[in-house]
> 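Below is a structure I'd like to ask you about.
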4 protein chains.
Amino acid sequence: MSGGVAGHRTGRARGLRKVPLSDPARRREVFDVVLALLAEVGYERFTMDLVAQRARASKATLYQRWPSKAELVVDALQEHQQVAAGPEAGSYPDDLRRLLAAWLAGWTERDRGLMLALLEGSRRDPEVARLRRERLSRPLRQAAEAALARARGRGEIPGQVDEELLVELPFALVLTHVLVLDEQPSPELVDRIVDGVLVPLLRGGPGAGRSPAVPAEGSARPSA
Amino acid sequence: MSGGVAGHRTGRARGLRKVPLSDPARRREVFDVVLALLAEVGYERFTMDLVAQRARASKATLYQRWPSKAELVVDALQEHQQVAAGPEAGSYPDDLRRLLAAWLAGWTERDRGLMLALLEGSRRDPEVARLRRERLSRPLRQAAEAALARARGRGEIPGQVDEELLVELPFALVLTHVLVLDEQPSPELVDRIVDGVLVPLLRGGPGAGRSPAVPAEGSARPSA
Amino acid sequence: MSGGVAGHRTGRARGLRKVPLSDPARRREVFDVVLALLAEVGYERFTMDLVAQRARASKATLYQRWPSKAELVVDALQEHQQVAAGPEAGSYPDDLRRLLAAWLAGWTERDRGLMLALLEGSRRDPEVARLRRERLSRPLRQAAEAALARARGRGEIPGQVDEELLVELPFALVLTHVLVLDEQPSPELVDRIVDGVLVPLLRGGPGAGRSPAVPAEGSARPSA
Amino acid sequence: MSGGVAGHRTGRARGLRKVPLSDPARRREVFDVVLALLAEVGYERFTMDLVAQRARASKATLYQRWPSKAELVVDALQEHQQVAAGPEAGSYPDDLRRLLAAWLAGWTERDRGLMLALLEGSRRDPEVARLRRERLSRPLRQAAEAALARARGRGEIPGQVDEELLVELPFALVLTHVLVLDEQPSPELVDRIVDGVLVPLLRGGPGAGRSPAVPAEGSARPSA
DNA sequence: AATGAATGAGCCTTCATTCAT
DNA sequence: AATGAATGAAGGCTCATTCAT
């Protein structure tokens, strides 16, 4: 009664014991379906029928565990959140490089769609909106702010720079690339953001921003 | 009472003269309803019934002018976009300040929702996606790139700066504030972006870069 | 203000004087459109919009002349009827051969569809049903009955033969081929009916049915 | 009165226990409604709403079992068809007499309408057309052709007779009476067809044709 | 606890018909 | 007399949710 969840399609016509939704693995299975669907079609076109079908459960069963579509979505989203581990490098740019890399590392194709679904669902369901803020924005922001604090301590931040925007900057750029430009975020993008924006931005300050590999301009690609 | 087969409905509830949709003012009226609705509920939950109701038209009438929901939306969006007139100030930061200010000037509460609806609709309808790129993103980007070209001509852009990201930067920050942080964009935000990010970013000055007149890349075209 | 109707599409963008529906040629033009449409899509899917579009008239104009879709259809059908000229040959089979040939001669692709439309429309509109009986069934039946009377006079009809069915026979076969088998009626079919059914049927009788070209069996094709 | 936002509708009007569509009897019930409706109004005016109403089911329920109107119609028609058991009498006329009697035996008033609906639906939906051919026309035709083969074996068919038309003949006459003449088919009609047409047609006897055992053409197969 | 089945309330789109010019 | 435009009433199909087993 727990066994490897085994979500394959290997002709499970009849001979599969029904796994209750109370089983954590089964739950995860459902969440996977939910997240995949959200990413694929967005919040509004996400239907309980689709979930039931793909998760090989009946809608009634789903409704027994989650009282509404909104709650199922929120619950799935909640579980999904992986808090980025706080990095600690020697300089703000490098801290950010790691932070962003860690953030993007967990991204699959679907997270791009999830991002959109999250924004879309926020309008319909305040709970989704809260989740968006708490789970997506805040942790990253906090990690970035911690890095900022360290940088400030080291005197890396020029006085003229708006610190709040500085923190938002990298995420804003990634978001724009993902949402508006339909791009899949890449490690190169991280480097371009750090070397092409953050480093120059911090240069004027006391700490006179040191930057590891400075690739002049454009879509630089430090080959090592 | 309760018999009566059909035929009641005391025509034209509020003494409103029938104004044809061909009338430009009436069209604008409908577009206003469409945009407001889009902003309120998003693309999927936007219904023709709602439009008809609010615009005091019949669905059939709407369908006479626009062959589908998608086309009505696209048409309304199209009409709505006012391309910001190309600013021309003495410095890149000031150019951008004007550009952003012009962009945000037309923003009402609803434009946040519109932005989201556009993103949402893009996934469902390729036509909406195309529109978003061509009519909404491109003009802004071009204006910003023109400003960049002039700045480059003046030697304002340090060589290390990633020019593409530089162009995206201000918009990305606005977008983030609007979409993710639920903020209404304000003139102060513009100033913070310009003074707290752009200016410091460009501080290195010409010396840090290369010769003043390098048209590097993009569709930049030095003023001749 | 009458001129050759000229129903071509030769770029009649603007420069075409509006021809009133009172003009007989214009009426015929409309009827042509109606009949073509009926044949193409049947009675139910026939729409006033389609008529208006193809006839380059406005629906309101059509409604001015014909108070309803049903009446337009009926009127068009009425005009369309060409009464088959009564033939007069030396024998019943030859009479029928001519009669059927004359009937089918006027058939175009569209008449097959019209036949169906007529049956379909009969259910909805009693007037169409009446038309069907009066205009389609009766004239043919009368011509055939006249031929039968002559044949009877000549002693061509064996006593055992059911005369009513004998009259219906050829039409029934044509109808079946057209409606049920989706075939376009051909001159060969007429010969097969006359030589392969009528002639043998009359053989036993006093007149001992003479038949011009007797092609043994199957889909005979008298080459001359 | 007139206030109340929603939620009235005193459930299940007539104390009808909810019987699932999976129940065969319930299915038959729905099919009865479908067939009756088709017969009454034809294919185009047949609506899912009407079916739902009369069958006391909800449209959504119907759509759960049948993915489209076309499929519901086809399914109902399919179930309805009872292939006439192959008769086997001593002579072709008697064989046909039985075949026709069996065919018409199941006919109710509504089958006339059904026939029309089938013809009508065939134009709109190829699936209906296929069904009509395969399920309705073919079985009859095959039974008739089998009878013909036996008759041929017995030397009943005069050589001059067009065998294909001979097979179609009785059905064509019935169809004409039913569809064009608005008659309800009666046992008398069968006798008139057999005695007044078939018998005289075959009177010439074997001598008029050729040797008794000529399997000429078609899918005829002399009884071993 | 899981599920097959049912359903009210829409949603997009179309059609015959009527107005106002 | 002709037409551009408007519209109530459907019609096919879908979705979140609830029953009954």
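Quantities reported herein were computed from a predicted structural model and do not represent experimental measurements. Every chain is numbered from 1 and lettered A, B, ... according to where its sequence line falls, protein lines coming before strand lines.
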> With pairs defined as Watson-Crick or G-U wobble and both distances under 3.5 angstrom, please note down DNA chain F as a dot-bracket string, | for pairing with another strand.
.||||||||||||||||||||

> Return the value, rounded to whole Å, for the distance between atom CG of D:Leu72 and atom P of F:dC13.
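That distance rounds to 10 Å.
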
> Is any side-chain nitrogen or oxygen of D:Ser22 closer than 4.0 Å to OP1 or OP2 of E:dA5?
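So the side-chain polar atoms of D:Ser22 do come within 4.0 Å of the phosphate oxygens OP1 or OP2 of E:dA5, strictly under.
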
> Could you state the CG-C1' distance from A:Leu62 to E:dA1, rounded to the nearest angstrom?
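Roughly 13 Å, once rounded to whole Å.
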
> Calculate the interatomic distance between B:Leu50 atom CG and E:dA9 atom P; express it in whole Å.
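About 17 Å, once rounded to whole Å.
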
> Which residues pass the side-chain hydrogen bond (donor to acceptor under 3.5 Å, both in side chains) test with C:Arg124, not counting sequence neighbours?
C:Glu44

> Quick one: B:Gln64 CD to E:dC12 P, roughly how many Å, whole number?
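Answer to the nearest Å: 18 Å.
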
> Could you pull out all residues at least two apart from D:Leu131 that satisfy side-chain contact (heavy atoms from CB on, under 4.5 Å)?
D:Val74, D:Leu77, D:Gln78, D:Arg135

> Say you draw a straight line from CZ of A:Arg45 to CD of A:Glu120; how long is it, rounded to the nearest 0.5 Å?
9.0 Å

> What pairs meet the side chain to side chain donor-acceptor pair (under 3.5 Å) rule with one or both residues in residues 62-71 of chain D, with sequence neighbours excluded?
D:Trp66-D:Asp75

> Using side-chain contact (heavy atoms from CB on, under 4.5 Å) as the criterion, list what pairs up with B:Ala129, not counting sequence neighbours.
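Here the qualifying residues are B:Ser122, B:Arg133.
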
> Over how many whole Å does the gap from C:Glu71 atom CD to E:dA16 atom P extend?
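About 15 Å, once rounded to whole Å.
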
> Does E:dT7 have OP1 or OP2 sitting under 4.0 Å from an N or O in the side chain of D:Arg56?
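So the side-chain polar atoms of D:Arg56 never come under 4.0 Å of the phosphate oxygens OP1 or OP2 of E:dT7.
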
> In the structure I gave you, are the side-chain heavy atoms of C:Leu50 and C:Thr47 within less than 4.5 Å of one another anywhere?
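When only atoms from C-beta onward are counted, C:Thr47 and C:Leu50 do touch, with a gap below 4.5 Å.
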
> Measure CD/C:Gln53 against P/E:dT14 and give the value in whole Å, please.
12 Å

> Who passes side-chain contact (heavy atoms from CB on, under 4.5 Å) against C:Glu40, sequence neighbours left out?
C:Ala36, C:Arg54

> Using the side-chain contact (heavy atoms from CB on, under 4.5 Å) criterion, which residues pair with B:Arg110? Sequence neighbours excluded.
B:Asp32, B:Leu35, B:Ala39, B:His80, B:Thr108, B:Leu114

> Would you please name every residue forming a side-chain hydrogen bond (donor to acceptor under 3.5 Å, both in side chains) with D:Arg26, sequence neighbours left out?
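Partners of D:Arg26 under the side-chain hydrogen bond (donor to acceptor under 3.5 Å, both in side chains) test: D:Glu29.
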
> Let me spell it out: for each of A:Thr61 and D:Arg26, pick the nucleotide of DNA chain E with the closest heavy atom. Which residue's pick is nearer the 5' end?
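Closest to the 5' end, via its nearest nucleotide, is A:Thr61.
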
> Looking at the side chain of B:Arg65, which of F:dA6, E:dA2, E:dA6 is the nearest nucleotide?
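Shortest atom-to-atom distance from the side chain points to F:dA6.
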
> Could you write nucleotides 14-21 of chain F as a row of B, S and -, 5' to 3', where a protein heavy atom under 4.0 Å of any base atom gives B, of only sugar-phosphate atoms gives S, and otherwise -?
BBBBBB--

